[in-house]
Amino acid sequence: MIRASYFILVVLFIAFVSCRPEPPDIMTVTGPVSIKKMGKTLHHEHILVDFIGADSTGYHRWNRDEVVKKVLPYLLEARDLGYKTIMECTPAFLGRDPVLLKMLSEKTGMYFVTNTGLYSAYEGKYIPEELQKKTAEELAAIWIDEARNGIEGTGVYPGFIKIAVERGPLSELNRKVVEAACIAHKATGLVIMSHTGPALPALQQLEILKEYGVDPSAFIWTHANNEKDWEKLLEAARMGVFIAFDGFKPDKVDEYLDFILYMKKHGQLPQVLLSHDAGWYSPGQPDGGDFRGYSDIETYLIPAMEKAGIAQFDLFQLFFRAPADAFRIRELPVQ
Ligand SMILES: [Zn+2]
């Protein structure tokens with residue numbers, strides 16, 4: 001009798017384990033992908049950014065074939081340098097285009113990850129008026145719907161929550177957007193990437209995360225290179241926050257290298273994310289204006305790091321492991 005019930009328990013356990021939906025590791029524009037397949041990653045780049053404002057932007061502002069023609073050589077260059085995955089950080093109402101990203105993914109064989117969320121810096125210039133009136137819960141519901149049902153019927157799902165706040169103290173609109181991000185994170189497991197800059201708004205956002213019971217490791221402090229007091233960055237890293245030095249340019253080799261060595265010395269390299277914040281096809285400008293490619297880290301920073309004695313293991317940490325840790329979809333609490 002005991003054996004029979006034991007057998008039933010084992011069968012039930014196996015059934016339970018095999019029926020449990022496996023959360024996808026990261027969500028790309030072509031579907032879920034295991035973090036093992038992400039490969040070398042640039043976690044903060046752009047294809048297209050349209051600064052005309054939420055009231056005037058739209059897909060009518062650019063021709064996808066022309067954008068592809070312009071951008072493709074830069075992406076192929078990145079691919080030839082070994083990059084496999086790019087997080088495209090352009091939010092909705094600033095030029096996010098899931099269909100364009102899918103086209104580029106098919107042409108390059110690279111993985112692209114897009115986002116849901118809203119950019120609430122610049123006093124809401126990039127948020128349509130009707131959305132500004134919504135509550136945090138209502139905004140979160142829109143983002144959760146995109147995560148569950150795809151973006152605008154494209155069949156493309158977001159892989160992270162992208163928000164933006166002012167550089168100074170958080171405005172009321174900023175707070176609402178951060179609260180919405182917390183609610184959406186808890187419902188979807190998507191990481192929160194927040195265009196932030198200095199420490200003051202970063203710490204204020206972490207307070208809101210705490211109120212909502214969101215772990216600091218679900219937060220990417222974007223443009224952290226704008227905070228010059230590195231002790232504050234270290235303190236946040238120790239809490240589990242991902243610290244993004246994401247605006248690399250050739251003239252910033254020394255600054256980035258010093259920061260990497262500083263974080264390594266303090267055992268916090270696993271929290272560091274690097275990228276260029278490059279690209280930026282600009283609709284309305286002839287041929288999309290000045291486009292910046294994605295090769296400067298490879299050309300300038302990595303050789304400098306190797307010269308400074310940074311081990312291959314650390315490079316693996318920075319460009320493979322940290323992006324995977326930051327963007328893997330968190331398991332949802334059992335309801
Ligand atoms: Zn950016």
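None of these values were measured; they are calculated from a predicted model.
The same ILVMFWY cluster, assembled from side-chain heavy atoms under 4.5 Å apart, contains both Leu42 and Ile302. Cluster membership for Leu203 and Leu200, using ILVMFWY side-chain heavy atoms within less than 4.5 angstrom, is not shared. When the side chains of ILVMFWY residues are joined at heavy-atom separations under 4.5 Å, either directly or via intervening members, Ile192 and Tyr119 end up in two distinct hydrophobic clusters. Residue Leu94 is not grouped with residue Val178 when hydrophobic side chains (ILVMFWY) are merged at heavy-atom distances under 4.5 angstrom, including chains of intermediate members. Cluster membership for Met193 and Val33, using ILVMFWY side-chain heavy atoms within less than 4.5 angstrom, is shared.
A donor-acceptor contact shorter than 3.5 Å links the side chain of Thr85 to the backbone of Met38. Between the Thr116 side chain and the Ile161 main chain, no donor and acceptor come within less than 3.5 Å of each other. Looking only at distances, no side-chain donor or acceptor of Asp25 sits under 3.5 Å from a matching main-chain atom of Pro32. Arg328 places no side-chain N or O within donor-acceptor distance of the main-chain N or O of Ala326, the cut-off being under 3.5 Å. Checking side-chain atoms of Thr28 against main-chain N and O of Thr30 turns up a donor-acceptor pair under 3.5 Å. No donor-acceptor pair closer than 3.5 Å links the side chain of Glu77 to the backbone N or O of Pro73. Looking at Lys84, its side chain does come within 3.5 Å of a backbone N or O of Gly109 through a donor-acceptor pair. His185 places a side-chain N or O within donor-acceptor distance of the main-chain N or O of Leu190, the cut-off being under 3.5 Å. Judged purely by atom type and a 3.5 angstrom limit, Glu255 has no side-chain atom pairing as donor or acceptor with the backbone of Lys252. In this structure a side-chain-to-backbone donor-acceptor pair under 3.5 Å is missing from Ser217 to Gly240.
Sorted by first and then second residue, the ring pair (Phe, Tyr, Trp, His ring centres under 6.0 Å) pairs with a member in residues 155-181 read Phe160-Phe327; sequence neighbours excluded. Screening residues 68-112 for ring pair (Phe, Tyr, Trp, His ring centres under 6.0 Å) gives Tyr74-Phe291 as the qualifying pairs, with residues at least two apart or on separate chains.
In this pair, Trp62 and Tyr59 present their aromatic rings perpendicular. The plane angle is above 60°, beyond the 30 to 60° band.
Under the 4.5 Å side-chain criterion, counting only non-hydrogen atoms from C-beta, Trp221 is not in contact with Leu206. Counting heavy atoms from C-beta outward, Arg238 and Leu234 have side chains that approach closer than 4.5 Å. Between Val113 and Met27 there is no side-chain heavy-atom pair separated by less than 4.5 Å. In this structure, the side chains of Ile142 and Lys134 come closer than 4.5 Å at one or more pairs of heavy atoms. Taking 4.5 Å as the limit, every side-chain heavy atom of Thr57 sits out of range of all side-chain heavy atoms of Tyr126. Using a 4.5 Å cut-off on side-chain heavy atoms (C-beta onward), Val29 and Glu88 make no contact. The closest side-chain heavy-atom distance from Glu179 to Ile208 is below 4.5 Å. Within the 4.5 Å cutoff, the side chain of Asp246 has heavy atoms near those of the Asn225 side chain.
Salt bridge absent: Arg292 and Glu45 never bring a charged side-chain N and a carboxylate O closer than 4.0 Å.
Taking every heavy atom of both residues into account, Lys162 and Pro91 meet most closely at CG-CG, 4.0 Å. Nearest heavy-atom pair, Lys133 versus Lys176, reported as atom, atom and distance to 0.1 Å: C-NZ, 4.1 Å. Across Glu166 and Ser120, no two heavy atoms sit closer than the pair OE2-O, 3.4 Å. Nearest heavy-atom pair across Asn115 and Thr90 is ND2-O, 3.1 Å. Contact record, Thr222 with Ala244: CA-CB, 4.0 Å, taken as the closest heavy-atom pair. Here the closest heavy-atom approach between residue Pro128 and residue Ala54 is recorded as N-CB, 3.5 Å.
The side-chain tip of Arg79 does not point at the ring of Tyr294 from less than 6.0 angstrom away and within 45° of straight on.
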task: Show your working on side chain to side chain donor-acceptor pair (under 3.5 Å) between Thr154 and Glu152 and close with a plain yes or no.
output: CA-CA 6 Å; Thr154 57; Glu152 301 159 358; over 6 Å; no

- request: May I have the step-by-step check of salt bridge (charged side-chain N to carboxylate O under 4.0 Å, His left out) for Arg96 and Glu146, ending in yes or no?
  value: CA-CA 13 Å; Arg96 179 187 68 166; Glu146 287 196 339; 3.0 Å; yes

- request: Apply side-chain contact (heavy atoms from CB on, under 4.5 Å) to Ile163 and Gln205, showing your working.
  value: CA-CA 11 Å; Ile163 57 171; Gln205 288 177 91; 3.9 Å; yes

message: If you apply the rule side-chain contact (heavy atoms from CB on, under 4.5 Å), what do you find for Ile260 with Leu274, and how did you get there?
response: CA-CA 10 Å; Ile260 290 159; Leu274 300 174; 3.8 Å; yes

query: For Met103 and Asp65, what are the C-alpha separation, side-chain angles and deciding distance, and is it a side-chain contact (heavy atoms from CB on, under 4.5 Å)?
result: CA-CA 9 Å; Met103 285 165 75; Asp65 291 328; 3.6 Å; yes

task: With side-chain contact (heavy atoms from CB on, under 4.5 Å) as the test, would you mind laying out the steps for Glu66 and Tyr281 before giving the verdict?
output: CA-CA 10 Å; Glu66 279 172 20; Tyr281 182 101; 4.3 Å; yes

task: Quick one: do Asp258 and Trp230 satisfy side chain to side chain donor-acceptor pair (under 3.5 Å)? Show the steps, please.
output: CA-CA 11 Å; Asp258 286 350; Trp230 288 354; over 6 Å; no

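Other residues, nucleotides and ligands contribute only 12 or fewer heavy atoms inside 6.0 Å of the NZ atom of Lys264. For Glu129, the CD atom sits in a loose shell: 12 or fewer heavy atoms of surrounding residues, nucleotides or ligands are nearer than 6.0 Å. Heavy atoms of other residues, nucleotides or ligands lying less than 6.0 angstrom from CD of Glu231 number 12 at most. Dense packing is recorded around NZ of Lys228, with more than 12 heavy atoms of other residues, nucleotides or ligands lying under 6.0 Å away. Heavy-atom neighbours of Arg321 CZ from other residues, nucleotides or ligands within 6.0 Å: at or below the threshold of 12. The neighbour count for Phe51 CZ, taken as heavy atoms of other residues, nucleotides or ligands under 6.0 Å away, is above 12. Residue Glu172 places its CD atom among 12 or fewer non-hydrogen atoms of other residues, nucleotides or ligands, all under 6.0 Å distant. The local environment of OH in Tyr300 is sparse, with at most 12 non-hydrogen atoms from other residues, nucleotides or ligands closer than 6.0 Å.
Annotation: the span from Ile297 atom CD1 to Lys40 atom NZ amounts to 10.0 Å, rounded to 0.5 Å. For the atom pair CG of Leu209 and CG of Asp215, the computed distance is 8.5 Å after rounding to the nearest 0.5 Å. Distance CD1/Ile86 to OG1/Thr41: 9.0 Å, rounded to 0.5 Å. To the nearest 0.5 angstrom, His223 atom NE2 is 12.5 Å from Phe245 atom CZ. One finds the CD1 atom of Ile183 at 7.5 Å from the OG1 atom of Thr135 (value rounded to the nearest 0.5 Å). Atom NE2 of His266 is separated from atom CG of Leu233 by 11.5 Å, given to the nearest 0.5 angstrom.
Side chains of Asn174 and Ser171: a donor-acceptor N/O pair is present below 3.5 angstrom, by distance only.
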